[in-house]
Amino acid sequence: MSTKARILEVAAALVAESPDGDVSTRAVCEAAGVGAPALYRHFGDKEGLLSAVVDHGWDKYLATKRDRAPGTDPVQDLRDGWDTHVEFALHNPNLYRLMNSPAMRKPPAAALESHRILTADLQRAAEQGKLRLAPELAAQIIMSANVGVALMLVSRPATFTDESVSRRVRDSVHTMVFTPDVMAAPTATPDPSTLDPSTSEADTSDTSGTVATTEADDSRLPATAARLNALLRQAQAPVLSPAEGALLTEWLNRLSNAPRS
């Protein structure tokens, strides 16, 4: 193992073991058995060392993404992706906080790769007509929520104690970005003891059916726009000029990303 690799490995281990996630360059040098000049020669300063630890962390995280072959259902891939993201944070709390620290002024290339992988999965969902937003906007929404939940779970474990929080937030966010038919789940038969005697079962069914139909109607236009946009990007021989393509893309993005009540 090279001196640089040994210093990096030791620094990552000390970050993981540290009570507050911080390490000193002196502690790293002592644990790695090197002098300070060697550390500064390879990493410049403490910030450079921590940046390298962050890069190492992102590579470790992306190892779970790069080796994954896309499944037939992009929505399930996105659910699994959310869950593995949170699991990584819970197993590497100090590293995860450092990876998402505002002190890291420049996002690592691996962080941008992670965002591209997420966007690609959403692109597949859009091609299948399952997305009600443009993939780029949906990726920003999902990534913001996923990172936010993970940071709360590792930073405030005494407050965020309910194990279902991540799943609940995930499903709420996915309800916003996917079409209603994707998120529809079989409804359980209601307990007769909890029903209002003045309300018949038929009335309840009619109401829920009307709500579902309304939601589906509201999502049809944005979902169609998102799908058409995704399919046009996959076209082998574009029939529009670059200017026409850019204009159409702008219109389709407006239709799919317009705020809805």
Flag the pair [X] / [Y] as yes when at least one side-chain heavy-atom distance between them is below 4.5 Å, and no otherwise.
{"X": "Arg41", "Y": "Thr3", "result": "no"}
{"X": "Pro135", "Y": "Arg124", "result": "no"}
{"X": "Leu122", "Y": "Ile142", "result": "yes"}
{"X": "Leu131", "Y": "Thr179", "result": "no"}
{"X": "Val23", "Y": "Leu50", "result": "yes"}
{"X": "Asp73", "Y": "Lys130", "result": "yes"}
{"X": "Phe43", "Y": "Lys4", "result": "yes"}
{"X": "Lys60", "Y": "Asn92", "result": "yes"}

Which atoms form the tightest heavy-atom contact between [X] and [Y], and what is the distance?
{"X": "Val154", "Y": "Ala89", "value": "CG1-O, 3.3 Å"}
{"X": "Leu62", "Y": "Ala110", "value": "CD1-O, 3.2 Å"}
{"X": "Thr161", "Y": "Pro157", "value": "CG2-O, 3.4 Å"}
{"X": "His91", "Y": "Glu87", "value": "ND1-O, 2.8 Å"}
{"X": "Ser166", "Y": "Val86", "value": "OG-CG2, 3.4 Å"}
{"X": "Ser24", "Y": "Ala27", "value": "OG-N, 3.1 Å"}

Worked check of side-chain contact (heavy atoms from CB on, under 4.5 Å) between Val169 and Val165: CA-CA 6 Å; Val169 175; Val165 166; 4.3 Å; yes
Under 3.5 Å donor-acceptor, [X] side chain and [Y] backbone:
{"X": "Asp121", "Y": "Pro74", "answer": "no"}
{"X": "Arg170", "Y": "Asp83", "answer": "no"}
{"X": "Arg79", "Y": "His174", "answer": "no"}
{"X": "Thr119", "Y": "His115", "answer": "yes"}
{"X": "Ser101", "Y": "Arg97", "answer": "no"}

Tyr61 and His85 side chains, donor-acceptor separation under 3.5 Å: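 The answer is yes; a qualifying pair exists.
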Check: Ser114/Trp58 side-chain N/O donor and acceptor closer than 3.5 Å: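 Ser114 vs Trp58: no donor-acceptor pair found between side chains.
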Distance in Å, [X] [atom1] paired with [Y] [atom2], rounded so as to fall on 0.5 Å steps:
{"X": "Arg6", "Y": "His42", "atom1": "CZ", "atom2": "NE2", "answer": "9.0 Å"}
{"X": "Leu95", "Y": "His56", "atom1": "CG", "atom2": "NE2", "answer": "7.5 Å"}
{"X": "Asn146", "Y": "Leu118", "atom1": "CG", "atom2": "CG", "answer": "8.0 Å"}
{"X": "Tyr96", "Y": "Asn94", "atom1": "OH", "atom2": "CG", "answer": "13.5 Å"}
{"X": "Leu49", "Y": "Leu8", "atom1": "CG", "atom2": "CG", "answer": "7.0 Å"}
{"X": "Asp77", "Y": "Ile117", "atom1": "CG", "atom2": "CD1", "answer": "11.5 Å"}

Stepwise side-chain contact (heavy atoms from CB on, under 4.5 Å) test for Tyr40 and Thr25: CA-CA 9 Å; Tyr40 294 132; Thr25 54; 3.6 Å; yes
Transitive ILVMFWY side-chain link Met152 to Leu90, under 4.5 Å: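 Yes, Met152 and Leu90 fall within the same hydrophobic cluster.
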In one Ile/Leu/Val/Met/Phe/Trp/Tyr side-chain cluster, 4.5 Å: Leu240, Leu228: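 Yes, it is one cluster - the side chains of Leu240 and Leu228 are joined through contacts under 4.5 Å.
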Electrostatic pair Asp162-Arg168, nearest N-O below 4.0 angstrom: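 So Asp162 does not pair with Arg168 through a salt bridge.
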Within 6.0 angstrom of Glu9 CD, more than 12 heavy atoms from elsewhere: no
More than 12 heavy atoms of other groups within 6.0 Å of Lys46 NZ: yes
